[in-house]
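I have placed the structure first, in the form of structure tokens, so that the comments after it can refer back to it.
Below, read A as the first sequence line, B as the second, and so on, with proteins coming before strands; counting in each chain starts at 1.
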Amino acid sequence: MGKKNVIWVIIFTVIVAACLISIHIITNNTVKVSAEIYVSDQLVKRIDDISSSEKQTYKVSNEYGENVICWQNGSIWIESSNCKNQICVLHGKISSAGTSIICAPHKLAVTLVS
Amino acid sequence: MEKLTRKITLTGIFAALALAVFVIEAQLPPIAIPGVKLGLSNAVSLAAMIFISRKCAGVVTLIRITLGAVFCGTLMSFAFSAAGGILAFAVMAAVVEKIDRHQLWAVSVLGAIGHSIGQFLAAMIFIGTKGLLIYLPVMIICSVISGALTGLLVQRLWFSPLQKISKKSKLP
């Protein structure tokens, strides 16, 4: 009795795993992610597609300070900033829609939208 | 003659049970994801399959789908539940005699997966594929869970004194 049950459990686990993998693949491929850069709630730049395989750079400089924003292969990050806490730089890369990087001293937000 | 009467009666009882369960389940709020439900009426189809016969289970399924749509459904929901229910029935009917009664839950899971695929095919025809593909793996995962639960329920019913209902019963 036990052995056959184990076989079926394994079969269904494989099916569920295959489903989880396909969910991952589908969400990664079909959703194009765009980035929006805001400075004090004003949209200053919209990047339609951040999936380029070459590293791209955009520099934001204004009265609050300077941020260098880079994107490549569907993820975006703040490479450098002259703010005092460096939280935005330490935040690292983001890649899924709905997430953001905030640089509070410079009133800057990088948000990913689908 | 007596055998036939017995079959007709049992089919009627199971159809009424399936319909009642279907109507009650339709009133319950969705669990987690809209459109996901336990599928207890499918469990009744499976029970009919093992307690009476596959043919009678098919009749029970058809009655449940048709009258279920009449009582609480729209034309669209009829198409969806027909596609799901018929495919689930077909899958379960194909495997039920090949799998031991101790693994009846596996039959139910396979049926539930069939139900999801059937509904997905109906959705493809009526709505179109775009953006729906993501729902198929989600639905299959949910159906593995719900199918296992309802299957265990039916399995428990089979290994109980209720087995005496069936002609195939090994109980005294």
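Heavy-atom neighbours of A/Glu54 CD from other residues, nucleotides or ligands within 6.0 Å: at or below the threshold of 12. More than 12 non-hydrogen atoms from other residues, nucleotides or ligands lie less than 6.0 angstrom from NZ of A/Lys45. Within 6.0 Å of CG in A/Asp41 there are 12 or fewer heavy atoms belonging to other residues, nucleotides or ligands. The environment of A/Arg46 atom CZ is dense: over 12 non-hydrogen atoms of other residues, nucleotides or ligands sit within 6.0 angstrom. The number of heavy atoms from other shown groups lying within 6.0 Å of CG (A/Leu90) is above 12.
For the pair B/Pro137 and A/Ser22, the tightest heavy-atom approach, listed with the atom from each and the gap, is CB-OG, 3.6 Å. Between A/Asn5 and B/Gln103, the shortest heavy-atom contact is OD1-NE2, 3.0 Å.
B/Leu46 and B/Ile24 are members of different hydrophobic clusters when ILVMFWY side chains are connected at heavy-atom separations under 4.5 Å. One hydrophobic cluster, built from ILVMFWY side chains closer than 4.5 Å, holds both B/Trp158 and B/Leu162.
Once rounded to the nearest 0.5 Å, the distance linking CZ of A/Phe12 with CG of B/Leu110 reads 4.0 Å.
Side-chain contact between B/Ile99 and A/Trp8 is present, with heavy atoms from C-beta onward closer than 4.5 Å. Annotation: side chain of B/Ile141 is in contact with side chain of A/Ile23 (closest heavy-atom distance under 4.5 Å).
Residue B/Ile145 does not touch chain A at all, counting heavy-atom pairs closer than 4.5 Å. No part of B/Leu136 comes within reach of chain A, as not one of its non-hydrogen atoms sits under 4.5 angstrom from that chain. Only the side chain of A/Ile15 comes within less than 4.5 Å of a heavy atom in chain B; its backbone stays farther off.
Most heavy-atom pairs under 4.5 Å with chain A: of the set B/Val144, B/Asp100, B/Val109, this distinction falls to B/Val109.
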